[in-house]
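What follows is a single structure, written as structure tokens, with notes after it.
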Amino acid sequence: MTLEGINPAETIYICRKDSEEPVLECHPVRIATSPWSGKERKIFDFSQVTEPGRYTIIAGDETAEFIISETALDALAEAALKGFYHQRSGMDLDSAIAGKWARKGGHPDTLVYIHGSAATQERPEGTVISSPKGWYDAGDYNKYVVNSAYSMGLMANVFRVLSMKRLITREESTRFWEELEYNHQWLLTMKDPSDGGVYHKLTTPSFEAFIHPTECRQKRYVVQKSVTASLDFAAVCAEMGMTWGTHFGGNLLWDINTRGVWEKAEDGAGAYRWAKENPDAFYHQDKMNGMYDPDVVTGAYGDGSASDELFWAATSQYMANYPGDSDVYLTDVIENMPEEFTLMSWGNVAALGVFNWIEMEMHHRKWGEFYPIHNPEAEQEKEIRTRCVKMLMEYCDKAIEAVEGSCYNSAYGNRPEDFHWGCCSSFCDQAICFLYAYELTNDRKYLDNAFRNINYILGQNATGYCYVTGFGTKSPMHPHSRLCASDGIEEPIPGLLVGGPNPGQQDIVEVKRYSSDFPDESYEDVEPSYASNEIAINWNASLVAAITWLSHIGNEL
Ligand code: CA
């Protein structure tokens, strides 16, 4: 726990709730000073209190409560995954699942137009296609291939690790699978059947107002096919194949001989080939607007490098698409392998490929060689796995060095550049890296630091906010979300991770004034703040993956 501000308490007391008899008297283990605000922060450690129950912390005149329970994170894990159900487009949401946030469906997307930038001989400009289902991307109502494929890939990777370890129940497995499948059914419609390329996004020309989905009337288009969308699509088809094998196979290991796994992966093989033939087909929204009408001014999800997308797609296709073009995939893996590990994001997906290889490593360590027959590529595979393990471990060990001296006892959040648009998801992403490291080494320090990063976003931070809607004693009430803004319900949809502190303040015109410019306090719980208070599927994917994993390990310890 971190205590800051004017509270002079040097000793805190931990009592059972409804008791004044302290079970622990606690002094600061250290005092840290914020490099930005100069605020002094006292760090207390009461981890020796382990008996389940409700407790009160008494610090001078202030009190706070906490719970010790084996299932403390379960409700959050469930709500975070349900966040995707709330983001579903094109269907009515059931009150049995969505509770009071049940609503009529909007955006059936059965009348979607081919934009001039996406026109081909087979599908000229203005052709109508049907492209229903999928998740709304964020606070807006559009559907972007790059971001939703990334979100699926991240969750699918963690889902399979939990399945492999038999930590996930059949019921949870089904919930995961159904949610991923809902978006995948949409993604499959984004492939141009004539050449295999994938449209970059399905969008209105400009953002809708803050109105209910059923009130939206703007025309919806699919735009230019892009190399990044095509590769992410190719990757996610393979990810879905492997995840399908894990879910329906009921095995620890997806069965490489299962036809269904290859078939799903093969859905993406054409997109892969298209991307290899069109390596420069990046999505440049401004350039496109100079050539075609109507202009499109919604989220661009542009990218300057597709090497990371190629690494991920080649890796997952190599793993799942047997007997696909394995020599091509393996060559592309080797040529596009990153030199060092970098934290994942929608624009840099190399980490997802690294996680795939680490998953292979886990299988090898447990069951020995993967193929029952002689595998001519075994040596190359082994070298790639070894390099991936090494780069992840180097990243984690370096990251953990920052904990010492940190104000909130976390590895992430100690450098100004740690606070950026959507930084709360980076706390989760780094926690996921630590969890892979924990699986590989069984070294408790990685698990502890995963929990610490999560503590940060759940409230042990400079603003005291729990950055997940509906959880904690102080949490966002006004996220930048059209769904939340238009439903007439005071409380926001629960289980959504907001972007978090962002000194970039790109929305200063709309927000008018931030109460702080310090990197870790630059957060405003107001609806116009898309730079600090929006919600997004990629950020929630990070939350789902980290919290689900931790909730299961917590139960296992
Ligand atoms: Ca990229």
Side-chain angles (χ1 to χ4, degrees), residues 137-138 142-157 187 190-191 196-201 203 223-239 268 271-288 298-318 328-329 331-358 384 387-388 391-392 395 417 420-423 425-426 428-430 432-433 536-539 541-542 545:
D137 187 66
N142 299 309
K143 302 191 289 197
Y144 308 89
V145 168
V146 164
N147 202 37
S148 70
Y150 164 75
S151 303
M152 288 171 71
L154 178 55
M155 290 192 286
N157 265 286
L187 272 183
M190 290 296 280
K191 184 172 74 169
V198 177
Y199 303 117
H200 194 68
K201 59 178 174 174
T203 183
V223 300
Q224 183 203 313
K225 285 169 275 194
S226 76
V227 59
T228 48
S230 298
L231 288 171
D232 283 344
F233 176 94
V236 99
C237 288
E239 294 283 350
Y272 191 93
R273 286 190 287 272
W274 186 91
K276 292 291 297 286
E277 285 162 13
N278 296 274
D280 301 320
F282 287 100
Y283 183 72
H284 292 298
Q285 194 152 275
D286 292 341
K287 207 162 129 191
M288 182 183 83
T298 54
Y301 286 104
D303 199 328
S305 166
S307 178
D308 52 303
E309 283 81 6
L310 188 53
F311 175 67
W312 179 34
T315 293
S316 52
Q317 283 286 334
Y318 178 76
V328 174
Y329 297 138
T331 305
D332 286 346
V333 166
I334 292 165
E335 286 180 1
N336 292 280
M337 186 146 175
E339 289 290 318
E340 59 179 3
F341 186 87
T342 45
L343 210 53
M344 55 281 208
S345 67
W346 61 261
N348 183 354
V349 298
L352 299 187
V354 172
F355 294 157
N356 284 149
W357 285 106
I358 289 174
I384 297 167
R387 279 176 63 187
C388 284
M391 72 171 84
L392 179 82
Y395 169 82
E417 62 266 35
H420 52 79
W421 202 324
C423 72
S425 70
S426 299
C428 298
D429 292 338
Q430 195 183 62
I432 294 163
C433 296
I537 53 171
N538 53 324
W539 304 339
S542 303

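Every number for a ligand or one of its atoms is a count from 1 in the order of the listing. Owing to the predicted nature of the structure, the values given are computational and were not obtained by experimental measurement. Reckoned from all heavy atoms, side chains included, excluding hydrogens, waters and symmetry mates.
Distance check for Thr228 against the Ca ion (ligand 1): none of its N/O/S atoms falls below 3.0 Å. At a cut-off of 3.0 Å, Val349 does not coordinate the Ca ion (ligand 1) through any N, O or S atom.
The angle that Gly347 O and Asp308 OD2 make at the Ca ion (ligand 1), rounded to 10°, works out to 70°. Centred on the Ca ion (ligand 1), the angle running from Ser305 (O) to Glu309 (OE2) is recorded as 110°, rounding to 10°.
Although no hydrogens or angles enter the test, the distance criterion places no donor-acceptor pair under 3.5 Å between the side chain of His200 and the main chain of His284. In this structure a side-chain-to-backbone donor-acceptor pair under 3.5 Å is missing from Lys201 to Tyr301. Between the side chain of Glu239 and the backbone N or O of Leu154, no donor-acceptor pair lies under 3.5 Å. A donor-acceptor distance shorter than 3.5 angstrom exists from the side chain of Gln317 to the backbone of Ala234, with no hydrogens or angles considered.
Among heteroatoms of the N, O or S kind in Asp303, OD2 lies nearest the Ca ion (ligand 1).
Residue pairs meeting the salt bridge (charged side-chain N to carboxylate O under 4.0 Å, His left out) criterion with at least one member in residues 223-233, sequence neighbours excluded: Asp192-Lys225, Asp195-Lys225.
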